[in-house]
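Take a look at the structure set out below.
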Number of protein chains: 2
Amino acid sequence: MTRLLLIDDEQRFARALAISLRPHGYEVDVATTGEEGLALAASTHPDVVVLDLGLPGLDGLEVLEGLRAWTRVPVVVLSARHSEPSKVEALDAGADDYVTKPFGMEELLARLRAAQRRGAGGAPEEGVVETKHFSLDLSAKRAMVDGEVVRLTPKEWQVVTMLVRNPGKLVAQRQLLQEVWGPQYETETDYLRVFLASIRRKLEPVSGRPRYFITEPGMGYRFEP
Amino acid sequence: MTRLLLIDDEQRFARALAISLRPHGYEVDVATTGEEGLALAASTHPDVVVLDLGLPGLDGLEVLEGLRAWTRVPVVVLSARHSEPSKVEALDAGADDYVTKPFGMEELLARLRAAQRRGAGGAPEEGVVETKHFSLDLSAKRAMVDGEVVRLTPKEWQVVTMLVRNPGKLVAQRQLLQEVWGPQYETETDYLRVFLASIRRKLEPVSGRPRYFITEPGMGYRFEP
DNA sequence: GGTCCCCGTCAAGCCGTCGTGAAGGTGTTG
DNA sequence: CAACACCTTCACGACGGCTTGACGGGGACC
């Protein structure tokens with residue numbers, strides 16, 4: 001769920017927009033003044049901000065500057081003003097995008113996705129698998145056992161990754177062989193035996209009695225968290 | 001100086017735009033077909049791309065996909081189409097912004113600045129990486145080992161930068177080759193071996209036994225802070 | 001209780017990958 | 001034109017991961 005902060009003084013418009021955004025996976029907080037917007041941003045740490053420029057009191061640009069003083073959260077500016085200078089001003093003040101009213105909902109959603117995509121850094125944080133005895137950082141390709149770094153070979157990583165991505169589920173031998181070694185190795189179950197032995201030696205507390213990487217005879221393997 | 005790649009088939013329009021952009025600090029390369037655009041992107045490594053959707057031959061969206069396959073360079077899409085679906089399509093294909101013709105020059109410049117700001121800022125570019133044996137100033141492109149200034153070549157800097165920006169994380173060989181040398185070099189692992197050897201000679205206390213730039217055989221390299 | 005199949009373990013050999021040094025090419029600078 | 005820095009390419013030895021085979025254990029079925 002993505003936290004979205006909407007700063008807009010027109011309550012009816014804001015409420016309508018919030019309602020339109022929620023079904024698309026956004027958890028929307030609404031602020032109706034600039035001050036409230038800054039306060040909410042500080043307290044809720046939104047993943048993306050939608051900021052209407054036409055605010056009474058604290059001006060929209062000042063809100064933008066207030067945000068940029070401490071965060072790089074993606075900000076999409078809404079405005080009824082089509083004039084070029086105000087676009088330039090907002091973008092140079094640190095806005096990520098500038099959408100003029102009236103706008104299409106689909107376009108706003110697409111621009112929100114684009115703004116967020118880069119905010120996230122493009123590197124989708126992949127899961128870290130933790131058990132009592134070891135932890136696997138799939139994106140960093142790093143395994144730790146009792147605080148010690150353990151190195152896995154490429155094939156070992158591929159097998160382990162497939163298993164831990166389906167926690168508790170049975171992964172068929174054929175599936176493992178196809179995806180790791182290729183479709184023509186479908187029947188080489190020897191490989192799996194050797195590699196599972198190696199994986200258990202490196203990760204299991206007692207490799208002779210597996211607790212995490214379980215064999216289902218004749219079928220496949222299962223990762224038990 | 002910012003390298004900008006302009007991909008547009010209307011030569012007169014492209015030339016005019018290029019001339020307008022140059023005084024604002026852009027070094028502009030122009031491609032008049034999608035194929036040429038992809039080739040130029042791979043060889044010149046632009047800091048920002050302006051892509052006209054209305055291309056003959058290879059479609060603008062296909063060019064965008066070709067770029068996104070290997071680089072996260074900011075892409076601003078130009079289009080005569082105001083329709084919402086084409087905006088959504090382009091933004092979801094990885095465009096950073098979508099500007100409809102006709103547009104004001106100042107707005108385009110502002111949107112280019114905004115797109116670039118994020119592209120450059122996603123990772124802490126200005127950071128200084130410190131270890132017990134050396135320090136790297138990424139923004140100043142300056143390396144110090146035991147208080148002595150050490151010179152790194154451009155390619156060495158690119159490789160080192162990619163690695164230290166992901167401390168502790170494994171960076172795949174393909175990823176390094178694609179982003180430093182370009183997508184068509186993704187199998188030339190020879191380059192990496194040579195450059196890593198050179199980097200280690202310059203930065204590692206004992207280049208024979210690397211402590212900071214670790215090889216993960218068959219997978220890639222890792223910077224260990 | 002015997003047989004068979006599947007599994008786990010170990011060890012040996014092969015081959016791919018890595019690190020290194022050096023040569024050749026290219027573009028730049030003085 | 002010479003000197004230089006940088007990149008590309010190649011060859012060679014060393015290392016390590018992958019493959020392969022042999023062996024023993026355990027459970028299912030007869």
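Order of the sequence lines fixes the chain letters, A, B, ..., with proteins taken first and strands second; residue numbering starts at 1 for each chain.
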**OP:** Could you please name the option among C:dT20, D:dT20, D:dC7 that lies closest to any side-chain atom of B:Val194?
**Re:** C:dT20
**OP:** Using salt bridge (charged side-chain N to carboxylate O under 4.0 Å, His left out) as the criterion, point out the one residue from B:Arg113, B:Arg117, B:Arg118, B:Arg111 that pairs with B:Asp97.
**Re:** B:Arg111
Subject >> Separation of atom CG in A:Leu196 from atom P in D:dC18, rounded to whole Å >> reply: 14 Å
**OP:** Round to a whole Å and report the spacing from CG of A:Leu192 to P of C:dG8.
**Re:** 10 Å
**OP:** Would you mind classifying the nucleic acid contact of B:Tyr185 as base, sugar-phosphate or nothing, using non-hydrogen atoms under 4.0 angstrom?
**Re:** nothing
Original post:
Got a donor-acceptor contact below 3.5 angstrom from the A:Lys155 side chain to the A:Phe195 backbone?
Top reply: no
Original post:
Is it true that the side chains of B:Asp137 and B:Ser139 contain a donor and an acceptor less than 3.5 Å apart?
Top reply: yes
Original post:
Any side-chain N or O of B:Thr215 less than 4.0 Å from the OP1 or OP2 oxygen of C:dT17?
Top reply: no
Original post:
Which sits closer to the 5' end of DNA chain D, B:Arg193 or B:Arg151, going by the nucleotide each is nearest to?
Top reply: B:Arg151
**OP:** Starting at atom CD1 of B:Ile199, determine the distance to atom P of D:dC7, rounded to an integer number of angstrom.
**Re:** 10 Å
Original post:
For B:Leu177 and C:dT17, what is the distance between atoms CG and P respectively, to the nearest whole Å?
Top reply: 13 Å
Original post:
Given atom CD of B:Glu156 and atom C1' of D:dC6, what is their separation to the nearest angstrom?
Top reply: 9 Å
Original post:
What's the CD1-P distance between A:Ile214 and C:dC6, to the nearest Å?
Top reply: 21 Å
Subject >> Which nucleotide in D:dT9, C:dC7, C:dT9 has an atom nearest any side-chain atom of B:Tyr191 >> reply: D:dT9
Original post:
Is the CZ atom of B:Arg174 crowded by more than 12 outside heavy atoms at less than 6.0 Å?
Top reply: no
Subject >> Nearest to side-chain heavy atoms of A:Pro154, which nucleotide of D:dT19, D:dT9, D:dC18 >> reply: D:dC18
Subject >> Nucleotide of D:dT19, D:dC7, C:dT20 approaching B:Lys155 most closely (side-chain heavy atoms) >> reply: D:dC7
Original post:
Hey, does the side chain of A:Arg201 come within less than 4.0 Å of C:dC10's phosphate (OP1/OP2), counting only N and O?
Top reply: yes
Original post:
Heavy atoms under 4.0 Å, any strand shown: does B:Gln173 hit a base, just sugar-phosphate, or nothing?
Top reply: sugar-phosphate
**OP:** Return the nearest nucleotide to the side chain of B:Thr189; candidates are C:dC18, C:dG19, D:dC18.
**Re:** C:dC18
Original post:
Under 4.0 Å between a side-chain N/O of A:Trp181 and OP1 or OP2 of D:dT19, yes or no?
Top reply: yes
Original post:
So, does B:Asp52 use its side chain to make a donor-acceptor pair with the main chain of B:Gly54 at under 3.5 Å?
Top reply: yes
Subject >> Separation of D:dG16 P from A:Lys202 NZ (nearest whole Å) >> reply: 12 Å
Original post:
Once each nucleotide of nucleotides 24-30 of chain D is scored for protein heavy atoms under 4.0 Å, what B/S/- sequence comes out, 5' to 3'?
Top reply: -------
Original post:
Are A:Tyr221 and C:dG8 close enough that a side-chain N or O sits under 4.0 Å from OP1 or OP2?
Top reply: yes
**OP:** Indicate yes or no for a side-chain donor-acceptor contact from A:Glu89 to the backbone of A:Ser86 under 3.5 Å, with no hydrogens or angles considered.
**Re:** no
**OP:** Give a yes or no answer on whether the side chain of B:Ser43 reaches the backbone of B:Leu40 with a donor-acceptor pair at less than 3.5 Å.
**Re:** yes
Subject >> Separation of C:dT20 P from B:Arg200 CZ (nearest whole Å) >> reply: 7 Å
**OP:** Just compare C:dT9, C:dG21, D:dT19 and give me whichever is closest to any side-chain atom of A:Ser207.
**Re:** C:dT9
Original post:
Is B:Lys101 positioned over the aromatic face of B:Phe13, cation under 6.0 angstrom from the ring centre and no more than 45 degrees off axis?
Top reply: yes
